[in-house]
S.K.: 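Here it is, the structure, as structure tokens.
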Amino acid sequence: MSLLLVDSLKKHFGAQDVLRGVTFQIDPGEKVGLVGRNGGGKSTLLRLIEGLEQPDGGGIVLAKGAKLGHVPQIPRFQAGQTVKSYVESGLADARRIELELARATEAMAHAEGVELDRLVKRHDELHHRLEQLGGWDLSHVVEAVLSGIGLPESFWERDPITLSGGEKSRTALARELVAGHDLLLLDEPTNHLDLVGIEWIEAWLRELKSAVLIVSHDRRLLTNSVSTILDLERGTLKRYSGNYPKYVELKHERFESERRAWEIQQDFLRKEEDFIRRHMGSQRTAEAKGRQKKLENLVRLHEPFDDIRKPAIPPPKTERGGELVLEARALRGGYGERVLFDALDLRLGRGQRLGIVGPNGAGKTTLLKMLAGRTRPLAGELVFGHKALCGYYDQDTSELRIDGTPATEMRRAKPEWTDLEVRSFLARFLFRGNEVEKSVASLSGGERARLCLARLLSTPITWLAMDEPTNHLDLSARTSLEEMLGAFDGALVCVSHDREFLDGLCTHILEVRGGAARLYNGNYSAYRALKTSEEEQLSGAREAAKKLEKAQPKPAPEPAASKSASGGKVRNPWAFEKLEQRIMALEDELKTLNTSLTTEEVYKSSAKVRDVQTRIAEVQRDLDEANEQWSNWQ
């Protein structure tokens with residue numbers, strides 16, 4: 001039985017048909033991604049399912065008794081609530097089931113016959129439902145979710161009103177994740193998460209027993225967390241089984257198949273119409289009339305539509321500069337007395353591609369602005385290379401004048417351009433016709449992002465500094481941006497949470513974390529593989545050290561005692577003293593080896609870790625033999 005059934009759904013705003021007979025279903029536990037152009041109706045569809053808007057036609061049926069969850073755009077917090085208590089309020093249903101389950105268990109102790117059978121059945125239903133909602137340790141679930149999405153323990157007792165906008169959104173998301181809804185609607189859930197949080201929520205969604213409908217432009221999320229893609233295009237919806245790469249493959253195959261069928265029918269129609277035209281009124285008139293009647297009853301195929309509209313983003317004109325773009329020496333960044341990073345050394349060469357990653361609040365944007373010359377460092381020196389001209393992209397699009405239009409904003413960047421040049425350039429960024437005169441205030445986030453890119457790329461530069469350049473862009477616009485940056489021969493420094501973007505473009509990753517910065521060779525996947533390997537080695541080394549520490553025998557008595565294990569006088573006191581000295585030397589060596597496993601020099605090298613662990617095994621073996629010899633000394 002379907003959990004959600006949407007049948008022939010219609011919605012229009014004025015003369016615009018946003019949804020034209022949309023039909024689909026979602027089954028229990030199914031993970032579904034909803035994709036489509038910005039402004040294509042995805043969020044409208046979610047609001048209709050949530051009941052926040054009413055359709056103009058069609059229907060939406062949610063299975064009887066099913067719980068529907070969604071993250072509110074503006075979460076409401078009650079007075080006296082903390083972050084943790086707000087998230088725990090999402091467990092109200094689970095707490096009620098816990099209480100009912102306890103009552104059923106107590107009643108079963110005194111029930112008999114039919115009543116006992118009914119209670120047993122109800123007990124099993126409640127037990128199964130509680131497992132779906134997260135099991136018995138619900139407090140642990142809350143803490144795991146809060147930590148996973150980037151709200152550590154220091155946030156848990158804070159008043160939610162004191163949080164930033166992004167932190168409030170994460171708090172609201174955490175509440176819905178723990179609530180155990182039968183169907184959870186998520187609209188761009190990764191917008192306010194850092195990379196660690198994004199990877200965590202991917203894993204959480206994969207294990208979640210609830211069904212989920214996700215609107216997202218994060219290709220890696222759609223690859224790793226969903227099994228079905230719904231493609232909303234021109235008000236109609238098509239369903240594809242599989243994750244995002246499979247959807248891209250199947251969509252192309254469907255378009256090619258439908259186009260071939262349409263072309264075959266068009267060829268058939270042309271031949272039939274030509275035959276009718278040539279033979280109507282001739283000796284073959286009867287045959288011509290028969291063919292004409294067949295054509296009138298023929299179901300005509302519509303020309304298949306493949307929305308290939310995407311920005312034709314041209315690479316910026318680059319000035320020929322020196323091999324060195326910039327060099328940072330002992331750079332310190334922060335605000336006032338708050339230091340975000342210190343003693344940062346960095347050298348950026350011509351054509352190098354550097355991605356900056358790290359937790360939210362670590363100082364990524366601050367560092368990018370310093371490298372771009374937008375803010376001054378607290379300490380250190382920044383040296384720019386010959387003819388180093390930076391093009392800076394601000395994710396907040398704050399450079400746009402709210403009372404301007406795309407046309408006036410382009411004229412501010414290129415006052416020498418004619419109206420035709422302005423319109424022709426803006427058309428490459430999908431601003432056509434009257435759209436070039438729309439108010440900036442009325443533009444969507446994606447449209448503002450495209451306008452900022454147009455302004456940025458209209459001027460000669462030698463390198464780009466970009467802060468979250470894929471934010472607000474839909475999938476086709478992201479593809480166009482990546483193609484442009486791939487063709488750009490200047491250097492690129494970017495802050496991004498888009499792993500597909502970082503993988504495709506970056507040759508180095510700079511991690512900013514805990515007041516320090518570390519440079520890694522390779523793209524994001526190479527960086528993550530190295531980080532995972534280091535974490536596993538460190539964890540293994542610590543675990544091995546703990547086990548060996550527990551297994552160590554009690555120290556031998558002082559050599560001066562010259563006593564055997566039985567307490568009597570020892571034979572050959574000189575040899576016995578040498579044995580005790582050897583035991584103490586082996587214990588000292590074992591302690592030194594265990595300590596070395598936790599040093600950076602060792603745990604960063606898998607070869608050194610293996611060598612140390614091998615030596616530990618050898619020393620432990622010799623120590624066991626020596627202790628056995630000492631215990632049996634006569």
Side-chain angles (χ1 to χ4, degrees), residues 4 6 8-26 31-60 62 68-76 165-166 168-170 172-173 175-177 181 183-193 198 201 205 211-219 221-222 225-226 228-239 244 247 307 309 395 397 430 438 441-450 468 470-478 498:
L4 175 73
V6 176
S8 303
L9 200 64
K10 297 179 181 178
K11 184 67 177 180
H12 63 261
F13 295 105
Q16 182 185 6
D17 288 327
V18 178
L19 302 176
R20 300 185 295 159
V22 166
T23 298
F24 68 94
Q25 68 181 45
I26 296 178
K31 308 298 189 300
V32 182
L34 178 60
V35 302
R37 286 194 166 277
N38 286 340
K42 301 185 300 297
S43 295
T44 298
L45 178 56
L46 289 192
R47 288 196 296 271
L48 290 170
I49 297 172
E50 293 164 11
L52 302 178
E53 293 185 16
Q54 296 303 310
D56 297 317
I60 301 171
L62 187 65
L68 179 68
H70 64 93
V71 181
Q73 290 186 342
I74 305 177
R76 299 178 180 275
K168 288 179 181 177
S169 296
R170 276 181 273 160
L173 173 60
R175 184 183 184 277
E176 299 309 313
L177 289 177
H181 301 294
L183 175 60
L184 180 60
L185 307 180
L186 298 175
D187 194 353
E188 296 290 355
T190 61
N191 270 1
H192 301 287
L193 301 181
I198 292 171
I201 201 171
L205 291 174
V212 184
L213 177 60
I214 311 171
V215 173
S216 181
H217 293 141
D218 188 323
R219 292 157 292 181
L221 177 73
L222 294 173
S225 299
V226 307
T228 301
I229 297 287
L230 299 178
D231 185 11
L232 186 59
E233 188 175 65
R234 301 182 95 184
T236 62
L237 187 139
K238 293 180 180 177
R239 182 186 185 96
Y244 181 76
Y247 147 75
D307 194 349
R309 293 174 302 150
Q395 65 167 320
T397 64
L430 302 186
K438 285 176 64 176
S442 67
L443 297 181
S444 67
E447 288 170 330
R448 292 190 187 198
R450 283 190 271 120
E468 297 290 358
T470 59
N471 269 13
H472 309 298
L473 296 181
D474 57 28
L475 293 169
S476 61
R478 291 184 183 206
D498 188 330

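Reckoned from all heavy atoms, side chains included, excluding hydrogens, waters and symmetry mates.
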S.K.: Quick check: does any side chain N or O of Lys11 sit under 3.5 Å from a backbone N or O of Gln54, one acting as donor and the other as acceptor?
M.R.: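 Yes.
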
S.K.: Do you know the tightest heavy-atom contact between Gly41 and Leu232?
M.R.: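 Reported closest heavy-atom pair: C-CD2, 3.5 Å.
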
S.K.: Counting only heavy atoms not in Lys10 (residues, nucleotides, ligands), do more than 12 fall under 6.0 Å from its NZ?
M.R.: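 Count not over threshold, so no.
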
S.K.: Does Asn38 use its side chain to pair, donor to acceptor, with the backbone of His472 at less than 3.5 Å?
M.R.: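 At least one qualifying donor-acceptor pair exists.
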
S.K.: For Tyr247, check ring-ring contact (aromatic ring centres under 6.0 Å, His included) against everything at least two apart and list the hits.
M.R.: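 With neighbours one apart ignored, the set is Tyr240, Tyr244.
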
S.K.: Quick one, Leu9 and Leu237 - any side-chain contact, counting heavy atoms below 4.5 Å?
M.R.: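 No - every pair of side-chain heavy atoms lies 4.5 Å or more apart.
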
S.K.: For the atom pair CD (Gln25) and OG1 (Thr228), what is the distance rounded to the nearest 0.5 Å?
M.R.: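 Gln25 atom CD to Thr228 atom OG1 measures 10.5 Å (nearest 0.5 Å).
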
S.K.: Testing the 3.5 Å rule here: is there a donor-acceptor pair between the side chains of Ser216 and Asp218?
M.R.: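 There is no such pair (donor and acceptor under 3.5 Å, judged by atom type) between the side chains of Ser216 and Asp218.
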
S.K.: For residues Phe24 and Leu4, determine if any side-chain heavy atom of one lies less than 4.5 Å from a side-chain heavy atom of the other.
M.R.: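 Phe24 vs Leu4: side chains touch.
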
S.K.: Checking Ser444 side chain against Glu447 main chain: does a donor-acceptor pair fall under 3.5 Å?
M.R.: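 It does hold such a pair.
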
S.K.: Are the side chains of Asp498 and Arg219 in touch, meaning some heavy atoms are under 4.5 Å apart?
M.R.: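 A side-chain contact exists here, since the closest heavy-atom pair is under 4.5 Å.
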
S.K.: Considering the options Leu475, Val226, Val215, which one meets the side chain to side chain contact (heavy atoms under 4.5 Å, CB included) requirement together with Val35?
M.R.: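 Only one option passes, and that is Leu475.
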
S.K.: Just wondering, do Lys238 and Glu233 contact through their side chains at under 4.5 Å, heavy atoms?
M.R.: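 Result no, sub-4.5 Å side-chain heavy-atom pair not found.
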
S.K.: Report yes if some heavy atom in the side chain of Ile49 is under 4.5 Å from a heavy atom in the side chain of Leu213; otherwise report no.
M.R.: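 Contact flag for Ile49/Leu213 side chains = yes.
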
S.K.: Under a 4.5 Å cut-off applied to non-hydrogen side-chain atoms, are Leu430 and Arg450 in contact?
M.R.: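 Yes, at least one pair of side-chain atoms sits under 4.5 Å.
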
S.K.: Could you give the distance from CG (Asn191) to CD1 (Ile198), rounded to the nearest 0.5 Å?
M.R.: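 CD1 of Ile198 is found 9.0 Å from CG of Asn191.
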
S.K.: Are side-chain heavy atoms of Leu45 and Leu230 found at a separation under 4.5 Å?
M.R.: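 No, too far: nothing below the 4.5 Å cut-off.
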
S.K.: Would you tabulate the side-chain donor-acceptor contacts of residues 14-22 under 3.5 Å, counting partners in other chains and residues two or more places apart, or write 'none'?
M.R.:
from  : atom 1 : to     : atom 2 : distance (Å)
Arg20 : NE     : Arg234 : O      : 3.1
Arg20 : NH2    : Arg234 : O      : 2.7

S.K.: Mind checking the CD1-CD1 spacing from Ile229 to Ile214? Nearest 0.5 Å is all I need.
M.R.: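 Answer rounded to 0.5 Å: 9.0 Å.
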
S.K.: Tell me every residue that passes side chain to side chain donor-acceptor pair (under 3.5 Å) with Ser43, counting only those two or more places apart in sequence or in another chain.
M.R.: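 Side chain to side chain donor-acceptor pair (under 3.5 Å) list for Ser43, sorted by chain: Asp187.
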
S.K.: Looking at every heavy atom in both Leu185 and Leu46, which two are closest together, and how far apart are they?
M.R.: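 Minimum heavy-atom contact is CD1-O, 4.0 Å.
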
S.K.: For the atom pair CD (Glu188) and NZ (Lys42), what is the distance rounded to the nearest 0.5 Å?
M.R.: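 One finds 7.5 Å between CD of Glu188 and NZ of Lys42.
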
S.K.: Between CG of Leu473 and NE2 of His217, what distance do you get to the nearest 0.5 Å?
M.R.: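 Separation between the atoms: 9.0 Å.
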
